[in-house]
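Per chain, numbering begins at 1; letters A, B, ... match sequence-line order. Side-chain atoms are counted along with the backbone in the values below, which use heavy atoms only and exclude waters and symmetry mates.
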Amino acid sequence: MTTQAADLDAMGSLRRTHGCGSITRAQVGEEVVVAGWVHRRRDHGGVIFVDLRDRDGIVQVVFRPETSPESHDRAGSLRSEWVLLARGIVEARSAETVNSKMPTGEIEIDIQELRILNAATPPPFSIEEETEADEAVRLRHRLHDLRRPPLQRALAIRHQVARAMRESLSGQDFLEIETPMLARATPEGARDFLVPSRLQPGDFYALPQSPQIMKQLLMVAGLDRYYQMARCFRDEDQRADRQLEFTQVDLEMSFVGVEDVLEVLERVTVDACRAAGVELERPFRRMSFEDAMTRYGCDRPDTRILLELVEMTDIFETSGFKAFASAVEQGGIVKCLPIHDAEAISRSEIDRLEKLVRKELGARGLGWIRIDENGEWRSPIVKFLSDDEKGAIAERTEARPGSLLFFQADAFERANAILSRLRIDLGERLERTDGREWDALFVVDFPLFEADEKGRLGYVHQPFVAPLDEDLPKLDSDPISVRGTHYDVIMNGVELGSGSLRNHRPDVQRRILEVMGYTEAEMEKSFGFMLEALEVGAPPHGGFAFGFDRMAMVLAKADSLRDVIAFPKTQRGQDLLMHAPSAVDAGQLDELSIRVRPTEKG
RNA sequence: GGGGAAGUAGCUCAGAUUGGUUAGAGUACUGGCCUGUCACGCCAGAGGCCGCGGGUUCGAACCCCGUCUUCCCCGCCA
């Protein structure tokens, strides 16, 4: 659709004097010039009101035939989202016409001169605080969506947080250093985005998944303290909190231990949040990975939710209740989520929850016991339990009339994932929270290795994480129990970022790769230049990477990364506004020595 | 790769779990009227490949099969 031919004006020498949202009673009587978009128009035949909107806010401008017949006449043709420049006198509204719902509702501008700078096609949906438009529609019409206040606020918060983090890190003696976007493909980790090389036909660059290796090389090179607002790329399936391309506030520092890094992280996090108007309590709480999993079933707990899980595995080791006992026998666990005063959870609600965890998380079922007002145990599973088991359950969960107990008997990961999901769902719905708005904490002491189903060890985070000094001897004797120096910063149940000390000694790095089953040749192929770098005098070093988009999401109280990124991609990786990715000319492919295999899609 | 939800007017949605006239509403849009509205109001009008492709049927928005798109989740993402 194209715009109607309209009689348009040039700006001439007229310039804006105020943002729409910043005009108050203080300007009454002054002449002002405002510029923006027609938010709404109310034409009374005589007087015409236009709500004019810019980044700053909305102000009512008035066109009266008696003030300026010409402006009034032309205002009649205005439509939504047309672009105006208008000069007029700020007037106080009479008591009856004050609009208390608008920040600028006490004043209006009597327009003397109107310049229509541009017309506009009708917007696909109205530009409001809240929109009901489908997300696909919002993404296709991203320019209109970006005009909505929540998105404008989110981008402003994003800017403020970025500025504060740069300032904070500069103030702590970090240098901002850029690293290449055209980097080397890595065999490990996420799928790479590849970029074909014209000058080296048949070879490819890879867009960096993160600057991990490059920042370690900077430490070896003696730059001491580095940071970067780093664009990162991972060609993996997306989620509400994962985009193909995203931004990390990446940092690394030399001659430090865990405490030194955490001190920096705490300062940066506090400074960043303050820039978004959020004051965090210091010091941040610390929690071990083990503690987090035991009590919350999750390595990024939202500790504002007061519900906690209870360990039950030992009770059911030799139970007559086959469903639980066999889970334990197969190396799994039994855990319980007790909820007291749970009368509000109906039987049909329990069925709904069971269906949910079966479908979404692969639960085998959802065991539950309700203790009614008379102390009777109402439950489909209670008939399988011995008196001893019932006694132990009651004692550990502090069950009482009104309590509802949810059980999972499954593999460690799954049982915890399911109960953690229920904990968050029900904790929020029943408002079992401590009332704090913000909850920042460090989770520390992650295991270095995890075993796959065949018992082979792999790294939990990445292959360069240094072990805790005191666990170093166990690298040979009991590697699975070796704890890493890895740490996470968690806020409101969202992982803001993670980091660790790195292996600076080549012998330790090699030993860790050996434990994971790498042969000498594989080590050379995958990590050759890293291992070489450690040989040229690598200082002890460690660092961190904040998921900057996630920080903005949490601080803007958004539910999706797409609401804090100007031009995000859909779950299928498409940009619905600019239509990327797209086919390219045969000539372009030819230059790159690339031939595309035809697909069904064409 | 797998599971789920959705797809009807620009937008948000009805359209019986029972297939049957010309597919409706609100809003937005267009024209007219209106000098104190602020979700302005009143009158009139226009607007539809019922996501797409097959099939069943005398007849399909509706039933069946496939497919595409968006969102949520699992896998995946050090």
Note to self: Applying ring pair (Phe, Tyr, Trp, His ring centres under 6.0 Å), can you list everything that pairs with Phe546(A), at least two apart in sequence or on another chain?
What the structure shows: Phe544(A)

Check: Can you name the ring pair (Phe, Tyr, Trp, His ring centres under 6.0 Å) partners of Phe446(A), sequence neighbours left out?
Finding: Phe289(A), His461(A), His486(A)

Checklist line | Listed partners of Arg300(A) passing salt bridge (charged side-chain N to carboxylate O under 4.0 Å, His left out), at least two apart | finding: none

Next item on the list: Would you mind classifying the nucleic acid contact of Val465(A) as base, sugar-phosphate or nothing, using non-hydrogen atoms under 4.0 angstrom?
Entry: nothing

Margin query: If we count only N and O atoms by modelled type, under 3.5 Å, do the side chains of Arg184(A) and Thr186(A) hold a donor and an acceptor together?
Written below: no

Check: Under 5.5 Å between ring centres and under 30° between planes: does that hold for Phe125(A) against the base of rC11(B)?
Finding: no

Note to self: Quick check on contacts: within residues 55-67 of chain A, what sits under 4.0 Å from RNA chain B by heavy-atom distance?
What the structure shows: Gln60(A), Arg64(A), Pro65(A), Glu66(A)

Notebook entry, point to check: According to a strict under-4.0 Å criterion, is Arg79(A) in side-chain N/O contact with OP1 or OP2 of rC29(B)?
Noted result: no

Check: How many Å lie between CE on Met102(A) and C1' on rU37(B), as a whole number?
Finding: 11 Å

Next item on the list: Using ring pair (Phe, Tyr, Trp, His ring centres under 6.0 Å) as the criterion, list what pairs up with Tyr487(A), not counting sequence neighbours.
Entry: none

N/O donor to acceptor pairs below 3.5 angstrom from side-chain atoms of residues 415-424 of chain A, sequence neighbours left out:
| unit_1 | atom_1 | unit_2 | atom_2 | d |
| --- | --- | --- | --- | --- |
| Asn416(A) | OD1 | Lys335(A) | NZ | 2.6 |
| Asn416(A) | ND2 | Phe412(A) | O | 3.0 |
| Arg421(A) | NH1 | Glu360(A) | OE1 | 3.2 |
| Arg421(A) | NH2 | Glu360(A) | OE1 | 3.0 |
| Arg423(A) | NE | Leu307(A) | O | 2.6 |
| Arg423(A) | NH2 | Asp302(A) | O | 2.9 |
| Arg423(A) | NH2 | Ile305(A) | O | 2.7 |

Next item on the list: Heavy atoms under 4.0 Å is the rule here; annotate nucleotides 2-8 of chain B 5' to 3' with B where the base is hit, S where only the sugar-phosphate is, and - elsewhere.
Entry: -------

Item checked: rA39(B) phosphate, OP1 or OP2, under 4.0 Å from Arg42(A) side-chain N/O -> no

Note to self: Enumerate the salt bridge (charged side-chain N to carboxylate O under 4.0 Å, His left out) contacts for residues 48-58 of chain A, please, sequence neighbours excluded, ordered by first and then second residue.
What the structure shows: Arg42(A)-Asp51(A), Arg53(A)-Glu81(A)

Next item on the list: Name the nucleic acid region contacted by Glu128(A), choosing base, sugar-phosphate or nothing; use a 4.0 angstrom heavy-atom cut-off, strictly under.
Entry: nothing

Note to self: Any base atoms under 4.0 Å from Glu108(A), or only sugar-phosphate, or nothing? Heavy atoms, all strands.
What the structure shows: base

Note to self: Under 4.0 Å from OP1 or OP2 of rC77(B): is there any side-chain N or O of Gln238(A) that close?
What the structure shows: no

Next item on the list: For rC77(B), take OP1 and OP2 only and decide whether either is under 4.0 Å from a side-chain N or O of Arg239(A).
Entry: no

Notebook entry, point to check: Mind checking what makes ring pair (Phe, Tyr, Trp, His ring centres under 6.0 Å) contact with Tyr518(A), not counting sequence neighbours?
Noted result: Phe527(A)

Next item on the list: Flag the pair Pro211(A) / Pro180(A) as yes when at least one side-chain heavy-atom distance between them is below 4.5 Å, and no otherwise.
Entry: no

Notebook entry, point to check: Does Arg562(A) make a side-chain N or O approach to OP1 or OP2 of rC72(B) shorter than 4.0 Å?
Noted result: yes

